[in-house]
Amino acid sequence: MGKGRLEAFSDGVIAIIITIMVLELKVPHGAEIGALRPLIPIFLSYLLSFVNVGIYWNNHHHLLQVVKQVNGRTLWANLHLLFWLSLIPFATAWMGENFTNLPVALYGVVLFMAAIAYFILTRTLISHHGQDSTLATAVGRDWKGKLSLLIYAVAILLSFVNSWFGCALYVLVAIIWLIPDRRIEKALRQ
């Protein structure tokens with residue numbers, strides 16, 4: 001089957017996720033600049049989540065550029081990814097309102113599970129298109145994906161020691177993925 005419906009559905013879900021997150025930013029009750037101070041952790045949580053969702057959207061788009069078709073397994077793997085991404089607004093809101101060990105760790109669990117789901121989606125697509133496909137060549141050993149999973153696991157554990165340590169590692173993973181990954185674009189040019 002074609003990939004168009006999967007792309008359109010995924011884009012719609014991701015747009016809704018971002019919309020839900022921004023709706024969590026409540027207007028302060030005062031008109032002075034000091035009224036914004038309590039919103040700082042909420043805004044920073046939103047910013048981190050917006051960047052993470054944006055990274056997934058961008059990589060999902062690139063992943064599907066090299067895909068010619070999808071199958072039922074791909075649809076389920078994609079839904080699995082969207083499920084974990086759809087939990088980001090909840091985890092973001094909880095972490096923003098309560099920057100303590102458990103909310104920060106749960107935020108990491110959601111990011112960790114989304115990364116696993118993306119890995120499964122990628123492997124499902126490679127299985128469907130073959131180990132000699134452009135996608136398989138482009139993904140290669142996927143060191144960024146594997147490194148991200150490791151950092152998330154460490155960050156979740158560190159969140160129970162100090163919330164800031166865990167969150168700093170979540171930011172590190174986002175920075176790693178903000179560095180453009182040209183593997184798929186390069187494979188498409190060949």
Side-chain angles (χ1 to χ4, degrees), residues 1-21 48-92 105-157 169-170 172-190:
M1 62 188 89
K3 61 182 180 175
R5 290 191 67 202
L6 180 133
E7 288 176 300
F9 180 73
S10 300
D11 286 349
V13 170
I14 290 171
I16 291 169
I17 290 167
I18 290 173
T19 302
I20 291 169
M21 286 190 317
L48 178 59
S49 293
F50 183 89
V51 168
N52 274 303
V53 171
I55 288 167
Y56 274 104
W57 176 77
N58 193 325
N59 286 320
H60 189 270
H61 170 73
H62 279 93
L63 185 68
L64 292 176
Q65 275 188 313
V66 294
V67 169
K68 297 187 184 340
Q69 58 191 10
V70 297
N71 60 10
R73 287 180 51 212
T74 304
L75 296 177
W76 284 110
N78 194 67
L79 278 173
H80 180 229
L81 171 63
L82 294 175
F83 170 78
W84 289 105
L85 293 179
S86 74
L87 292 176
I88 289 178
F90 169 77
T92 301
L106 176 74
Y107 183 81
V109 168
V110 171
L111 293 178
F112 180 79
M113 293 306 296
I116 287 175
Y118 188 83
F119 180 82
I120 291 169
L121 175 61
T122 302
R123 294 296 158 206
T124 301
L125 287 166
I126 289 171
S127 173
H128 182 62
H129 287 82
Q131 293 299 324
D132 59 342
S133 66
T134 303
L135 177 61
T137 303
V139 169
R141 295 183 182 202
D142 192 23
W143 69 269
K144 281 170 79 168
K146 292 173 184 169
L147 178 62
S148 299
L149 287 169
L150 175 65
I151 295 171
Y152 282 145
V154 170
I156 292 164
L157 295 174
L169 289 178
Y170 304 148
L172 175 64
V173 173
I175 290 169
I176 289 170
W177 283 98
L178 279 174
I179 298 168
D181 187 356
R182 307 256 188 249
R183 294 178 296 176
I184 291 177
E185 291 173 1
K186 184 179 173 186
L188 284 171
R189 284 192 299 259
Q190 294 176 351

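Everything numeric here is computed off the predicted structure, so don't read it as measured data.
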**OP:** Evaluate side-chain contact (heavy atoms from CB on, under 4.5 Å) for T124 paired with V70, printing each intermediate quantity in order.
**Re:** CA-CA 9 Å; T124 301; V70 297; over 6 Å; no
Original post:
Where do P89 and S86 come nearest, in terms of heavy atoms and distance?
Top reply: CD-O, 3.2 Å
Original post:
For the atom pair OH (Y107) and CG (L87), what is the distance rounded to the nearest 0.5 Å?
Top reply: 12.0 Å
**OP:** Of all the heavy-atom pairs spanning L81 and A114, show the shortest one and how long it is.
**Re:** CD1-O, 3.5 Å
Original post:
Of all heavy-atom pairs between A136 and G130, which one has the smallest distance, and what is that distance?
Top reply: CB-O, 3.7 Å
**OP:** Calculate, to the nearest 0.5 Å, the distance between atoms CD and NE2 belonging to Q69 and H128 respectively.
**Re:** 4.0 Å
**OP:** Could I get the full list of side-chain contact (heavy atoms from CB on, under 4.5 Å) partners for S10, not counting sequence neighbours?
**Re:** L6, H60, N78, L82
Original post:
Taking atom types as modelled and ignoring hydrogens, do the side chains of T74 and N71 form a donor-acceptor contact shorter than 3.5 angstrom?
Top reply: yes
Subject >> Minimal non-hydrogen separation, K3 against Q65, with atom names >> reply: NZ-O, 3.7 Å
Subject >> Polar contact flag, side-chain donor to acceptor under 3.5 angstrom, W76-H80 >> reply: no
Original post:
Do Y152 side-chain atoms and V110 backbone N/O form a donor-acceptor pair below 3.5 Å?
Top reply: no
Subject >> Backbone N/O of K68 and side chain of H129: donor-acceptor pair under 3.5 Å >> reply: yes
Original post:
What is the distance from atom CZ of R123 to atom CG of L135, rounded to the nearest 0.5 Å?
Top reply: 8.5 Å
Original post:
Going from CG on L172 to OH on Y170, what distance comes out if it is rounded to the nearest 0.5 angstrom?
Top reply: 12.5 Å
Subject >> Rounded distance (nearest 0.5 Å) linking atom CD1 of I156 with atom CG of L169 >> reply: 10.5 Å
**OP:** Please tell me if the side chains of K146 and L150 come closer than 4.5 Å, counting only heavy atoms from C-beta onward.
**Re:** no
Original post:
Given L111, which of L48, I88, I116 fulfils the side-chain contact (heavy atoms from CB on, under 4.5 Å) condition?
Top reply: I88
Original post:
What is the minimum heavy-atom distance between A77 and I120, and which atoms define it?
Top reply: CB-CG2, 4.3 Å
Original post:
Side chains of L85 and N52: does their closest heavy-atom pair fall under 4.5 Å?
Top reply: no
Original post:
To the nearest 0.5 Å, what is the distance between CE (M21) and OG1 (T92)?
Top reply: 5.5 Å
Original post:
Would you say N58 and W177 make side-chain contact, with heavy atoms under 4.5 Å?
Top reply: no
Original post:
Do L63 and Y118 have side-chain heavy atoms sitting under 4.5 Å apart?
Top reply: yes
